[in-house]
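Only a predicted model underlies this, so the values are computations on that prediction, with no experimental measurement involved. Each chain gets a letter, A, B and so on, in the order its sequence line appears, and its residues count up from 1.
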Amino acid sequence: MPELPEVETVKRGLEPVLKGRKILKVETRRGNLRWAFPPGFVATLQGAKVTSLARRAKYILVGLDSGQSLLIHLGMTGRFTVLTPKGTTNLGEFYFETGAGEKADGPHDHVVFDLDDGVKLVYSDPRRFGMMDLVPADGMHKLLDELGVEPLGNELSADYLAARFKKKAAPMKAALLDQSIVAGLGNIYVCEALWRARISPKRKAGTLKHDKLEELVRHIRDVLNDAIRAGGSTLRDFQGADGEKGSYQERFQVYDHEGDPCPRGDGVIKRIVQSGRSTFYCQKCQK
DNA sequence: AGAGCTACCTGAAGGC
DNA sequence: TGCCTTCAGGTAGCTC
């Protein structure tokens, strides 16, 4: 899946396509993605005008003039494609022009939004780990309520991490993947941030000193900002909303680099499995 | 309460 | 060529 930088890239790509537009029609090609669409999903969206786009952790929030929001999670393979009518000129950089063979009829095209300017927005998701739901006008939603702090916001600090990691026996890898502590990090950027901060993914979260946590916070912010600047990473299924591939994967230092020399020393990148997921790190410089 | 595992689903890649 | 296994960015929900 897209982790935070990829979701941010998609949100930025969708903004000029959706903001200010009226949704004329919504077509759900099946009854569910990860879960069934909520009752009234289509009826609520049809006729609504989009007033805002926002991101919270790995969720995209599409604000509507009714006060409600459309909540979207891309799961592992969720993707948006923007189709414009043939002959449309003056395409913005985020548009994906309709061409021969470019139709919304693929086996994994699950949701199609028709907008009032003739654009079709297509949501595709082969594995269907993604989800869409409605958030009421008060903004309360179970999935949002349980999220921890935004890694790029002011709430993330060494003090915050020290409080949340206190007495924590879980390894750093698991602690940073826990969305109720820091929301938006995923498998790749946890590996990259720990490598940058020279912290072992196996280190017990509760054992980190304050100055090390400060370094970690800085490196988390840096790696996410670097990735956003590069337009996210493209791994198998991910593309930005403009169909352009992100380029950050070319800059991974450790992720998917098993056996390669550590970029900053004479160690070798090792792959281990932690809580069922691959971790890449350098035994020599990450302590 | 906290930590760890399974399940959800499809497709790509590698080994034989 | 084809069959089989393994792996993939996430996370809710279950066990222990």
Side-chain angles (χ1 to χ4, degrees), chain A residues 1-11 29-36 38 55-60 71-80 106-110 123-133 141-148 151 163-194 201-207 223-224 227-228 230-241 245-252 254-259 271-280:
Chain A
M1 145 191 168
E3 302 182 30
L4 187 151
E6 290 72 37
V7 177
E8 179 65 25
T9 301
V10 172
K11 179 234 148 189
R29 301 264 173 84
R30 47 181 301 131
N32 67 300
L33 294 173
R34 177 169 188 169
W35 299 301
R55 179 192 58 75
R56 171 77 173 106
K58 299 172 195 169
Y59 292 95
I60 293 170
L71 180 68
I72 302 166
H73 196 295
L74 302 173
M76 296 273 259
T77 53
R79 184 190 149 181
F80 280 103
H108 306 301
D109 294 340
H110 304 309
Y123 178 77
S124 317
D125 189 351
R127 290 176 75 180
R128 302 202 304 277
F129 288 175
M131 54 105 19
M132 290 191 194
D133 201 358
H141 193 285
K142 185 174 182 289
L143 295 173
L144 299 177
D145 292 346
E146 293 169 2
L147 293 172
R164 296 299 306 267
F165 289 171
K166 197 170 181 183
K167 293 183 189 166
K168 216 178 204 343
M172 281 303 298
K173 176 75 187 311
L176 289 180
L177 279 176
D178 185 340
Q179 302 294 299
S180 74
I181 299 176
V182 180
L185 295 175
N187 205 36
I188 294 175
Y189 295 107
V190 167
C191 290
E192 295 294 316
L194 286 172
K202 297 198 271 193
R203 179 85 174 266
K204 302 244 182 289
T207 67
V223 73
L224 294 178
I228 290 170
S233 52
T234 302
L235 284 167
R236 298 180 178 82
D237 311 287
F238 176 75
Q239 295 190 336
K245 293 175 187 300
S247 63
Y248 193 75
Q249 76 279 5
E250 294 155 18
R251 298 189 212 170
F252 292 158
V254 289
Y255 184 83
D256 208 18
H257 280 283
E258 182 181 15
R271 174 182 178 273
I272 58 171
V273 175
Q274 290 180 291
S275 32
R277 321 207 41 202
S278 289
T279 296
F280 299 88

Legend entry - All ring-ring contact (aromatic ring centres under 6.0 Å, His included) counterparts of A/Phe129, not counting sequence neighbours: none

To the nearest angstrom, how far is [X] atom [atom1] from [N] atom [atom2]?
{"X": "A/Leu74", "N": "C/dG10", "atom1": "CG", "atom2": "P", "result": "11 Å"}
{"X": "A/Arg271", "N": "C/dC7", "atom1": "CZ", "atom2": "C1'", "result": "8 Å"}
{"X": "A/Phe129", "N": "C/dT11", "atom1": "CZ", "atom2": "P", "result": "12 Å"}
{"X": "A/Leu147", "N": "C/dT11", "atom1": "CG", "atom2": "C1'", "result": "11 Å"}
{"X": "A/Leu33", "N": "B/dA7", "atom1": "CG", "atom2": "P", "result": "22 Å"}
{"X": "A/Ile188", "N": "C/dC7", "atom1": "CD1", "atom2": "P", "result": "17 Å"}
{"X": "A/Arg127", "N": "B/dT10", "atom1": "CZ", "atom2": "C1'", "result": "7 Å"}
{"X": "A/Glu258", "N": "C/dC7", "atom1": "CD", "atom2": "P", "result": "10 Å"}

Residues 166-173 of chain A, side-chain donor-acceptor partners within the protein, below 3.5 Å, at least two apart:
residue  : atom : partner  : partner atom : Å
A/Lys173 : NZ   : A/Asn187 : OD1          : 2.7
A/Lys173 : NZ   : A/Ser278 : O            : 3.2
A/Lys173 : NZ   : A/Thr279 : OG1          : 2.8

Legend entry - Shortest non-hydrogen contact between A/Gly78 and A/Asp125, atoms and distance: N-OD1, 3.6 Å

Inset, instruction - Report the residues that fulfil side-chain contact (heavy atoms from CB on, under 4.5 Å) with A/Thr207, sequence neighbours left out, ordered by chain and then residue number. - result: A/Arg203, A/Lys204

Legend entry - A/Arg55: partners by side-chain contact (heavy atoms from CB on, under 4.5 Å), with sequence neighbours left out: A/Leu4, A/Val7, A/Glu8, A/Lys11, A/Glu150

Side-chain donor or acceptor of [X] paired with backbone N/O of [Y] under 3.5 Å:
{"X": "A/Glu3", "Y": "A/Tyr189", "result": "yes"}
{"X": "A/Gln179", "Y": "A/Gly184", "result": "yes"}
{"X": "A/Arg164", "Y": "A/Ser180", "result": "yes"}

For [X], side-chain hydrogen bond (donor to acceptor under 3.5 Å, both in side chains) partners two or more places apart:
{"X": "A/His108", "value": "none"}
{"X": "A/Ser275", "value": "none"}
{"X": "A/Arg34", "value": "none"}

Legend entry - Integer angstrom distance from the P of B/dA1 to that of C/dT11: 23 Å

Inset, instruction - Pick the P atom in C/dC3 and in B/dC9, then give their distance to the nearest Å. - result: 24 Å

Inset, instruction - Mark up nucleotides 1-6 of chain B, 5' to 3', with B wherever a protein heavy atom is under 4.0 angstrom from a base atom, S wherever such an atom reaches only the sugar-phosphate, and - elsewhere. - result: --SS--

Inset, instruction - Report the nucleotide, chosen from C/dA8, B/dT10, C/dG10, that has the shortest atom-to-atom distance to any side-chain atom of A/His108. - result: B/dT10

Grab the N/O contacts between the protein and nucleotides 12-16 of chain C below 3.5 Å, and write none if there aren't any.
residue : atom : partner : partner atom : Å
C/dA12  : O4'  : A/Arg34 : NH2          : 3.1

Legend entry - Test salt bridge (Lys or Arg N to Asp or Glu O under 4.0 Å) applied to A/Arg29 - qualifying residues, sequence neighbours left out: A/Glu27

Legend entry - Side-chain donor/acceptor contact of A/Arg277 with base of C/dA8 under 3.5 Å: no

Inset, instruction - Considering just the side-chain nitrogens and oxygens of A/His73, establish if one lies under 4.0 Å of OP1 or OP2 belonging to C/dG10. - result: no

Inset, instruction - Whenever both distances are under 3.5 Å in a Watson-Crick or G-U wobble pair, mark it; put DNA chain C into dot-bracket that way, with [ ] for crossing pairs and | when the partner is on another strand. - result: .|||||||.|||||||

